[in-house]
Structure formats: C-alpha cells, structure tokens
Amino acid sequence: MDSGKQTTVIDSPAASAAEAGLFRFLPEIQVIEILMAIFIFVTIHSLRQGRRQRLVVWPVVGMLPSLLLGIRNNMYEWITGVLDGQGGTFVFRGPWFTNLQCVVTADPRNLEHLLKVKFPNFPKGEYFRSTVCDLLGDGIFSADDETWRRQRKTASLEFHSAEFRSMTAQSLVELVHSRLLPVLAVAEAQRAPIDLQDVLLRLTFDNVCMIAFGTDPGCLRPGLPEIPFAKAFEDATEATIIRFITPTAIWKALRYFDLGSERWLRRSIAVVDEFAYEVIRTRREELSSGEQTRTARSDLLTVFTKLRDEDGTPYSDKFLRDVCVNLILAGRDTSSVALAWFFWLLNQHPEVEERILGEIRKITEERGGDEDGELVFKPEEVKRMEYLHAALSEALRLYPSVPVDHKEVVEDDVFPDGTVLKKGTKVIYAIFSMGRMESIWGKDCRDYKPERWLKDGRFMSESAYKFTAFNGGPRLCLGKDFAYYQMKFVAASILHRYHVKVMENHPVVPKMALTMYMKYGLKITLCARDGTKVVGK
Ligand code: HEM
C-alpha cells in the first residue's frame, strides 16, 4: 500500500461526483454528509488494511501517526511488527515535504549487499555528517571515503597491537578491582538498591577515556561524582540526536540564533572541547620533552599525535580532538548497556546464571580456589569462558546496543529482495528487529537461549549479516574483541562475588535513543555469594 493509492481513493469519488455536477442538485448539508461518509469509509478501510499489514499511510502525514503511536508504546517493536508483515523490508513514508522517507530493512541478504558487496554505494552520507558535524567533526564515526579509511587503518593497527591489548587489560583490572567492586561492596553492606546501568556507564566511560586520551576522568570514584566532561559529553550527544527529529531548517535557525537545544549543544561542546584541547596540549608537551619514553603510553591520542599526514605535517589539534571524541562515543555506553540487559535477562533465567557460575567455578578450582576472595581473572581465563560469551551474544541478539543504523544511497541500486533504491534514499537497517525475526532465528527467536550459540560446548559465531549487533563488512566494530573481553571480565568479576537481584516492579523498557539504554536504569540489590570475601567490605 502506498500513500499515492490512498490519496486517489479520497480524491477520486468526490472529484468525479463534482465533475458530474451531482453536488449542484444536493442541499449543502447532504454534500457534507456524503463527504463525511467517504472520509469515514476511507479511514476504516485504511485502518483495517493497515492493521492487517501493520502499515497505515494517511494522506499528507503518511505513516507519521502510526510511528508516533509506535514511539509511545515501543518503537522497536512497532518496526519489528511492520517488518514481519512486509516480509523483511518496507518503505517508510513520512509527511509530504519532509525528509522522513526511507527504506527500512531486516533482511540479511540486503544487509550483506549494503555493508559488504556494494559498500562504496552506501556511505554514512552528507545528511548524517552535516547533522553530527559540530560534535563529531571528521572522526571515524561520521567520516566516509579517504578520511575514514586513514583513521580506520591507523586505529585498526593500534587495536590489534600487543601494547594496546595489554594497556586495555591492565586499565580494566584497575577499574574493576579498585573502583567497581568497592562501590558494589558498599551497596551490598548497606543493603542499598543501586542503579547498575549508571554504575556500568561510569565504568565504561572511564575505561574508554583511558583508551582514547590516556586519562581517567574518575566517574566511578567513591560517591559517584558528577564529572563536568562526562556530563557535557552526554548532553552534547542528546542535543545532537534532537537534530535528527527536527526539520533541518529549524535546527539551523536555532543554531544561528543560539536558542533552545542548539544553545545547550554549543555550551556542552565547549566543555568537551576545553577538556580535549587541554589533554592534547599537555600530551604534545609531554611528547616533545621526551617524557613519553618514561610513560610509554599507547592510547590513541599518543599514537595519532606521533603520526604525520600525507604531506608530512603533524595532525592538527582539531583532528586529534575528533579522533578521540569519536572513539569515546563508540565505546562509551555500548558495552555498559549490553551488560545491563544481560543482568536483567539473567535475573529471569537462573538456569543460565547457574551454568555461568559452573564455568567460573571450574576456572577458580583449577587455580586452587579463591581463598581471600580477591581473585583477578587472567586474560586466558576470560578467553575460556565460552558459555558466558554465548550468554552475552544472546543478550546482544535480543537487545543490541545500537538498535538501528543507517546509510545513504549514492547511485540507483536494487536490493537482493527486489527493493528499488533511488540515489539519495536513506536506508535504515533494523538490528533490533533482526534478532526477533522467525525467518532468521526460528520459532524460538524471542527466547533467551545461549545454547543456540554453542556447538559441542564451544562458542560458534554467526554471520555478521544475520547477527548485526557489531555491524559488518569494512565498517565492522573496531572494538568488538575488546568489548567482549571487557563485558566478560566485568560480568565474571561481579557474578563470582554476587547474585544480582533486580528490584521487584522496577520498570525495564528501552529508551528511544541512538544507544539502547534502559529508560529507568536498572535498580538492583546485591547478595554476596557464600564463601567469597567481598573487596572493600
Ligand atoms: C557491546 C559493545 C559494542 C557494540 C554492540 C558495538 C557496536 C558497533 C556498531 C553497530 C558499530 C557501527 C556503527 C556505525 O557505523 O554506525 C560500531 C562501530 C565502531 N565501534 Fe563499536 N560496539 C561496541 C563496543 C565498542 C568499543 C568498546 C569500542 C572502542 C573501545 C568500539 C569502537 C568502535 C569504532 C571505532 C567504530 C567505528 C568503526 C568504523 O566506522 O570504521 N566499539 N560499533
């Protein structure tokens, strides 16, 4: 069904009746009654047909009313329902004269075409870049073509280097054992409920800042202080998202006059920039004074500061700022929200928790136990946690940290499922919906079953075009391996010491944002496991 067809239904009977001169012979009141009857008929017909296909296209406003209704309930479920009814792909028609028209797909064949086979034909695009430019500049997240390729190559070399792995593993041990576990120990001792999502967000923010800038902002310090840089970063991200749901001319006018969300954005970015440029300045000084040989840093800022561009000149402060800000955005909340959904699922599946504990117990027993409760998991032990790996992947399948993603079409194209794509079309790929499609995962697609990832007890990965939580093709998430390591280390360190109980009647629903936060956080209480002495108690 499309808006064109419905408009014709509304227009044509009235128009032809008028042409036949029928209205000239009817009293005005009857004309109004006839028009009302036609309107009611068309509305009921649209709603009936729409309910069947989960798609109603209204004249002028297109599918906007259904979308707004969907947003009020759960937009991701609404999209999933529509995709189910439409065989995996549909064209979203927004109101006339807006830029809200796009193709939405959850078909793995289309995903492979989009992310790998025809990769150059589906960049992030100018619309995305111009919307996020103030916060992200030319960083890896928003860039395309050569600017993206250059950053990807350097960052990729760094992410796979031994120094980087050891730096990230070390900083994680420090954060978990001297910050996270003491915070949890206090909450347990006081029997006080805490928002686990907030605590995890603080942990990954500190962690990714150490990776990007080589500095620790201290969000997870005792008392959980509000850190201006972290707060400004969060505000800047939220204010940027508002641009996506505001007509371009309006947000540009707000920016010009420095009003509303644009004023908020400008002020937040100023705080982010102040922090970033100060770190860059001190790092340049440190490097030029030769101090780096003593500190041997391997954070991304240090790596890029030492590099030269193709003309042999050092990168500008602005470019270094963009590199770091983009990395922070990429790694700041993706693993923490995934962990929050994982702990919530565990709460409903004690049998899964039991199996994870069995796996951890086996590792601790091989070490000869954990007498003092201070056990720190070693990288090779984390690697051996295959069931935990499966349980986290299963949580990401059902609650992917990035629920929808998008691309723009450069040249006319056709998807493998036959959908025609015109140049300039926006394509949304519905990662959340893909995890809930019977056609992809079978009849039990909505069940939480880590076993579906295991073969003979070993974790088996899935095609990136079927399990798209980490994207796929040349823009596959650069932090995927690190994210798994981080999530497994944190989950095992908590589960080894505590049973995490979600508070009764605590509402758990996704927030409509670029990342799949829990709207009201995750309120939990902790119960120390028998036989483990708890750090900081
Ligand atoms: C559970 C955790 C994570 C998930 C589910 C995840 C998912 C994703 C997704 C879907 C993208 C593609 C985004 C897009 O192009 O629009 C992406 C890109 C990226 N991710 Fe992750 N991510 C996670 C953790 C991390 C971490 C911890 C880091 C870094 C420390 C990281 C670094 C990156 C980078 C640099 C990119 C950009 C890659 C490119 O465009 O070439 N990610 N990630």
Side-chain angles (χ1 to χ4, degrees), residues 111 114-115 119 122-125 128-129 131-132 136 138-160 164-165 167-169 171-172 175 200-201 203-213 244 299-300 304 322-342 389 392-408 426-432 434-435 464-465 467-491 514-517:
L111 265 285
L114 181 88
L115 298 174
F119 174 72
F122 297 95
K124 295 255 172 156
F128 179 77
R129 227 178 342 274
T131 312
V132 301
L136 298 182
D138 287 327
I140 191 166
F141 230 72
S142 57
D144 284 315
D145 307 320
E146 205 36 48
T147 319
W148 165 75
R149 226 181 314 277
R150 212 170 353 121
Q151 288 181 67
R152 172 92 194 181
K153 203 170 148 206
T154 310
S156 180
L157 280 174
E158 180 57 13
F159 267 70
H160 295 105
F164 180 84
R165 281 173 198 267
M167 181 268 285
T168 48
S171 67
L172 194 56
L175 275 176
L200 293 167
L201 283 166
L203 170 86
T204 51
F205 191 82
D206 285 353
N207 201 191
V208 79
C209 283
M210 283 156 99
I211 296 170
F213 283 121
F244 284 100
D299 55 86
L300 227 61
F304 274 89
D322 292 349
V323 167
C324 295
V325 165
N326 277 256
L327 188 78
I328 292 174
L329 183 81
R332 163 185 92 113
D333 46 14
T334 33
S335 5
S336 38
V337 301
L339 277 168
W341 288 105
F342 162 77
H389 201 108
L392 285 162
S393 304
E394 183 68 348
L396 274 165
R397 182 181 72 82
L398 289 170
Y399 296 98
S401 311
V402 182
V404 290
D405 212 333
H406 93 289
K407 298 281 181 188
E408 209 171 287
K426 294 184 196 79
V427 179
I428 308 281
Y429 45 113
I431 304 173
F432 175 89
M434 291 184 79
Y465 312 106
F467 174 61
T468 323
F470 291 95
N471 220 31
R475 283 192 102 134
L476 177 77
C477 169
L478 253 185
K480 183 179 173 192
D481 291 348
F482 170 67
Y484 267 115
Y485 181 77
Q486 186 189 44
M487 291 188 292
K488 286 166 77 176
F489 186 85
V490 172
L514 290 186
T515 311
M516 188 114 112
Y517 300 99

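First listed ligand is number 1; within each ligand, the first listed atom is number 1. Because the structure is predicted, anything quoted here is derived from the model rather than measured.
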For [X] and ligand 1, does the shortest N/O to N/O distance drop below 3.5 Å?
X      : value
Asp405 : yes
Arg152 : yes
Arg475 : yes
Ser401 : no
Tyr429 : no

Closest protein heavy atom to [atom], given as residue, atom name and distance to 0.1 Å:
atom                    : result
atom 4 (C) of ligand 1  : Phe470 CE2, 3.4 Å
atom 10 (C) of ligand 1 : Ala469 O, 3.3 Å
atom 33 (C) of ligand 1 : Ala330 CB, 3.5 Å
atom 26 (C) of ligand 1 : Gly331 CA, 3.6 Å
atom 22 (N) of ligand 1 : Cys477 SG, 3.1 Å

If you compare all heavy atoms of [X] against all heavy atoms of [Y], which two are closest, and at what distance to 0.1 Å?
X      : Y      : result
Thr204 : Gln486 : CG2-NE2, 3.7 Å
Met167 : Ile211 : CE-CA, 4.1 Å
Ala430 : Val404 : CA-CG1, 4.1 Å
Gly435 : Arg397 : O-NH1, 2.7 Å
Ala143 : Gln151 : CB-NE2, 4.4 Å
Arg475 : Lys407 : CD-NZ, 3.8 Å

Worksheet item: Is ligand 1 less than 4.0 angstrom away from at least one heavy atom of Lys480?
Response: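 Flag not set, Lys480 not near ligand 1.
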
Given [options], which has its nearest heavy atom closest to [atom]?
atom                    : options                        : value
atom 24 (C) of ligand 1 : Asp481, Val402, Thr334, Leu396 : Thr334
atom 35 (C) of ligand 1 : Leu478, Val208, Asp333         : Leu478
atom 11 (C) of ligand 1 : Asn471, Leu392, Ile431         : Asn471

Discussion item. Tell me if the aromatic rings of Phe432 and Trp341 count as close, with their centers under 6.0 Å from one another.
Written reply: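 No: the rings miss the under 6.0 Å criterion.
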
Worksheet entry | Within the 6.0 Å centroid threshold, strictly below: Phe128 and Phe141 |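 When the ring centroids of Phe128 and Phe141 are compared, they turn out to be at least 6.0 Å apart.
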
Practice prompt. Identify the residue among Ser335, Ser171, Ser336 that makes a side chain to side chain donor-acceptor pair (under 3.5 Å) with Asn207.
Written response: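 For Asn207, the side chain to side chain donor-acceptor pair (under 3.5 Å) test succeeds with only one of Ser335, Ser171, Ser336, which is Ser171.
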
Worksheet item: Side chains of Tyr484 and Ser393: does their closest heavy-atom pair fall under 4.5 Å?
Response: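 Side chain of Tyr484 against side chain of Ser393, heavy atoms only: contact under 4.5 Å found.
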
Discussion item. I want to check something: taking the side chain as every heavy atom from C-beta on, are Tyr429 and Asn471 in contact at a cut-off of under 4.5 Å?
Written reply: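 Side chain of Tyr429 against side chain of Asn471, heavy atoms only: contact under 4.5 Å found.
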
Short list, please: which atoms of ligand 1 are under 4.0 Å from a heavy atom of [X]?
X      : result
Lys124 : 14 (C), 15 (O), 16 (O)
Ala483 : 2 (C), 24 (C)
Trp148 : 39 (C), 40 (O), 41 (O)

